[in-house]
Amino acid sequence: MRRIKDWIREHYFLLIIGILTVLYMASPLGNTRLHSGHDFSYHLLRIENIKDGLLNGQLPVRIGPLFLNHRGYASSLFYPELFLYIPALFRLAGLTIETSYKLFALLTIIGCFVTTYLCAKGISKDKYMALITAVIFSACQYHIANLYVRGAVGEAQAFVFFPLVVYGIYDLIYQDFRKAWVMGLGFWGLMFSHSISLVIALCTTAAICLFHWKTVVLDWRKLRRLMLTAAATLLLSIGFWLPMIEQLLSNSFWFSQPWTTVTDNAVGLVQLLGTGYYDYTYSFDTGILLMCLMVLLLPKEEKRSGGRKKLYWFLGIGLALLYVASRYFPWPILQPVLNNIQFPWRFYAIATLFLALAIGLIIREKWQGRFRKEAVIAVFCVMVLFGNRYFENANIDYVKIEETAFTEKDCWYSFQIVQKEWLPKKTDLSLFETDPNRPVLTDQEISLPYTEEKKMGIVFDYGYGKGWCDVPLLWYKGYTAHYMDSSRVVPLDLSDEGYNGYIRVYFDESMTGGTVLVEYSGTKIQKASLAVNVLAAVAVMGVWLFEKRRSKKEKGKKPPVTASTE
């Protein structure tokens with residue numbers, strides 16, 4: 001207890017600014033209703049699906065049982081959901097969907113501030129500079145947009161892990177890369193948060209490494225650590241990305257037909273400098289850009305110092321990333337390769353982080369350690385001033401969501417899948433609205449009643465001999481079907497040739513009176529990759545514990561330091 005009191009006494013200013021920043025960013029969560037957003041209904045539906053999937057015996061949840069009025073939608077196989085198990089567990093504990101989401105959003109805001117502060121402090125070794133960086137990145141306008149305007153839950157999670165990636169890049173370029181695990185943790189977190197943010201981080205890292213290729217490639221120790229980190233990160237996330245690739249290779253999805261282009265969504269100068277929302281493009285942050293201009297106030301140096309060099313490095317990369325978000329970047333050339341990024345302004349997040357680090361270093365260089373607390377307070381005030389203007393322009397909507405909103409029959413929320421990227425290409429979503437309660441239908445157009453089973457399955461009686469029937473579940477690789485009578489259990493063939501992408505099950509002439517179970521059993525690749533993922537996690541934990549114990553032993557063997565007798 002005394003240690004805690006001493007720590008609080010020593011870090012009281014950090015705690016005050018941290019709490020104020022988090023409270024400011026979380027202020028819309030204090031509304032008695034839940035804020036809305038462009039994709040918000042979809043993400044709430046994902047949380048509810050994880051909860052219901054767990055209750056139905058799925059672990060991990062593969063097919064969302066609530067999606068599309070119980071037809072099943074494989075969002076969990078394509079969209080990373082590891083951290084959404086947190087609000088889903090809140091739901092299982094009895095909390096409302098509103099409270100569960102608000103607690104999760106609060107955790108992501110706190111996580112963003114903490115990781116940014118720790119990584120900035122690791123870079124600068126200056127707690128005030130780190131505090132400035134954490135305030136700017138946590139309270140930036142694009143973070144506000146993701147949380148409250150766009151309802152982009154995945155990108156809000158990515159804000160927690162971008163600082164780890166940037167610290168890893170800095171460690172790779174300017175230090176000995178002994179903390180390679182920081183970069184690995186950052187990419188691992190992005191892998192399980194938001195795939196497009198992962199691609200943006202990879203592109204940024206690759207471009208910086210290419211620019212510093214001598215530092216990376218010619219230093220064998222760094223290159224080896226980088227390769228080992230990449231391998232470990234891939235193994236620790238193989239349970240997600242390998243099954244996703246398997247599904248992409250098994251069928252054609254609407255994902256392969258882009259509904260928008262990066263060229264159309266690149267921002268102009270007005271959007272970069274503004275403070276609002278412009279035809280599905282977003283402004284950057286005027287307050288951050290103005291603070292960057294403080295670099296012009298720095299005194300000239302006869303000889304550039306290492307600190308000044310790193311300052312310009314962060315500033316240059318941040319401005320370069322803003323250029324990438326703009327329409328002046330050659331997106332028409334890169335569009336065939338990077339069109340799945342969809343919106344170049346998604347680069348705002350990582351650009352903000354680099355610029356925030358630069359601003360912290362500018363302030364430290366300009367005032368040489370003086371007015372440190374005053375500088376932090378001034379930066380906080382600037383972010384609140386321009387953030388409030390952004391909040392006013394955003395016109396955040398609030399809605400009241402009833403507890404039964406996602407479970408009602410023919411639920412409107414169950415169809416909120418945004419741009420239907422992971423819907424089979426042959427599926428027409430509008431047909432589900434005109435035919436909401438389609439039964440199991442045989443090739444003779446006989447309707448068969450069915451009951452829903454756990455683990456995303458359907459059970460019905462069949463006794464018509466050779467033929468087929470369409471089951472009202474969307475086909476994804478991993479479904480199985482079995483025919484059962486009093487004497488046998490027979491696996492059945494199935495395909496995706498059913499009505500509107502439904503599963504079609506085939507029967508032979510001997511099947512004249514039995515029960516059929518169609519359920520999502522998963523694939524061999526899903527099960528094997530999950531096992532490898534778990535083993536990799538155990539192995540990494542074992543190595544960490546071994547190294548920690550060895551480090552303690554080495555410290556214990558060192559001779560005690562004695563005072564000099566000279």
Side-chain angles (χ1 to χ4, degrees), residues 1-31 35 102-148 156-157 159-164 166-167 285-288 290-292 294 314 349 352-392:
M1 183 63 68
R2 186 174 180 180
R3 288 183 178 180
I4 295 175
K5 289 182 179 179
D6 291 341
W7 188 91
I8 292 174
R9 190 180 299 110
E10 183 181 351
H11 297 88
Y12 76 94
F13 186 71
L14 164 64
L15 289 173
I16 291 172
I17 296 298
I19 291 171
L20 287 175
T21 304
V22 169
L23 288 177
Y24 171 70
M25 286 299 295
S27 56
L29 301 177
N31 195 287
H35 66 272
K102 286 181 176 180
L103 283 175
F104 180 64
L106 179 62
L107 289 175
T108 63
I109 295 169
I110 294 171
C112 171
F113 187 91
V114 171
T115 57
T116 306
Y117 174 80
L118 292 176
C119 292
K121 189 177 179 183
I123 290 170
S124 66
K125 307 298 186 293
D126 185 329
K127 63 181 181 181
Y128 291 100
M129 179 270 181
L131 198 49
I132 288 170
T133 304
V135 168
I136 294 173
F137 189 58
S138 300
C140 71
Q141 291 177 14
Y142 190 58
H143 199 194
I144 296 172
N146 282 333
L147 285 167
Y148 304 116
Q157 295 171 60
F159 265 70
V160 178
F161 298 100
F162 272 130
L164 300 171
V166 172
Y167 183 26
D285 198 308
T286 309
I288 293 176
L290 289 174
M291 285 189 287
C292 286
M294 289 190 297
F314 284 115
T352 298
L353 183 53
F354 275 98
L355 293 178
L357 287 161
I359 291 168
L361 291 172
I362 290 169
I363 292 173
R364 188 176 70 175
E365 284 281 313
K366 172 62 179 174
W367 282 278
Q368 297 294 321
R370 295 173 297 160
F371 313 116
R372 293 180 294 177
K373 291 181 180 179
E374 293 83 351
V376 174
I377 294 171
V379 168
F380 176 79
C381 292
V382 170
M383 297 306 296
V384 169
L385 176 65
F386 286 92
N388 283 345
R389 178 71 184 275
Y390 192 81
F391 270 120
E392 292 172 5

Problem set entry | Atom pair CD1 (Ile16) and CZ (Phe380), whose distance is rounded to the nearest 0.5 Å | 11.5 Å
For this session: Find out whether Phe13 and Ile377 are in side-chain contact, i.e. whether some heavy atom of one side chain is under 4.5 Å from a heavy atom of the other.
Result: yes
Exercise. Is there a donor-acceptor pair under 3.5 Å between the side chain of Lys121 and the backbone N or O of Ala130?
Worked result: no
Exercise. Side chain to side chain donor-acceptor pair (under 3.5 Å) with Tyr24: which residues, sequence neighbours excluded?
Worked result: Asn388
Problem set entry | Residues which pass side chain to side chain donor-acceptor pair (under 3.5 Å) with Tyr117, listed by chain and number, not counting sequence neighbours | none
Exercise. Could you give the distance from CG (Leu357) to CD1 (Ile132), rounded to the nearest 0.5 Å?
Worked result: 11.0 Å
Exercise. Side-chain contact, heavy-atom cut-off 4.5 Å: Val376 with Lys373?
Worked result: no
Seminar exercise, completed: Between Ala120 and Thr133 the two heavy atoms that sit nearest each other are CB-CB, 3.8 Å
Exercise. Does the pair Val384 and Phe391 meet the rule for a side chain to side chain contact (heavy atoms under 4.5 Å, CB included), with working shown?
Worked result: CA-CA 10 Å; Val384 169; Phe391 270 120; over 6 Å; no
For this session: Apply side chain to side chain contact (heavy atoms under 4.5 Å, CB included) to Ile363 and Val379, showing your working.
Result: CA-CA 10 Å; Ile363 292 173; Val379 168; 3.7 Å; yes
Seminar exercise, completed: Heavy-atom nearest pair, Thr21 first then Ala139, reads CG2-CB, 4.5 Å
For this session: Please work out whether the ring planes of His143 and Phe159 are parallel, tilted or perpendicular, with thresholds of 30° and 60°.
Result: parallel
For this session: Search all heavy atoms of Ile136 against all heavy atoms of Ala356 and return the closest pair with its distance.
Result: CG2-CB, 3.6 Å
Side-chain donor/acceptor pairs under 3.5 Å, residues 103-116, sequence neighbours excluded:
residue	atom	partner	partner atom	Å
Thr108	OG1	Ala105	O	2.6
Thr115	OG1	Gly111	O	3.0
Thr115	OG1	Cys112	O	3.3
Thr115	OG1	Val160	O	2.8
Thr116	OG1	Cys112	O	2.6

Problem set entry | Inter-residue atom distance Leu361.CG - Asp126.CG, 0.5 Å rounding | 8.5 Å
For this session: Given side chain to side chain contact (heavy atoms under 4.5 Å, CB included), test Leu14 with Lys127 step by step and report yes or no.
Result: CA-CA 8 Å; Leu14 164 64; Lys127 63 181 181 181; over 6 Å; no
Problem set entry | Residue pair Phe386 / Gly287: nearest heavy atoms and the distance that separates them | CD1-CA, 3.6 Å
Problem set entry | Lys102 (side chain) donor-acceptor with Asn31 (main chain) under 3.5 angstrom | yes
Problem set entry | OH-CD1 distance between Tyr167 and Ile123, expressed to the nearest 0.5 angstrom | 7.0 Å
Problem set entry | Inter-residue atom distance Tyr390.OH - Cys140.SG, 0.5 Å rounding | 9.5 Å
Exercise. Less than 4.5 Å apart, any side-chain heavy atom of Thr352 and any of Phe162?
Worked result: no
Exercise. Below 4.5 Å, heavy atoms only, C-beta onward: do Val22 and Ser138 meet side chain to side chain?
Worked result: no
For this session: Please examine the side chains of Met291 and Met383, heavy atoms only from C-beta on, and report whether any two atoms are closer than 4.5 Å.
Result: yes
For this session: Measure the OH-CD1 distance between Tyr12 and Ile17 for me, rounded to the nearest 0.5 Å.
Result: 10.5 Å
Exercise. Would you call Asp285 and Tyr142 a side-chain contact if the rule is heavy atoms closer than 4.5 Å?
Worked result: no
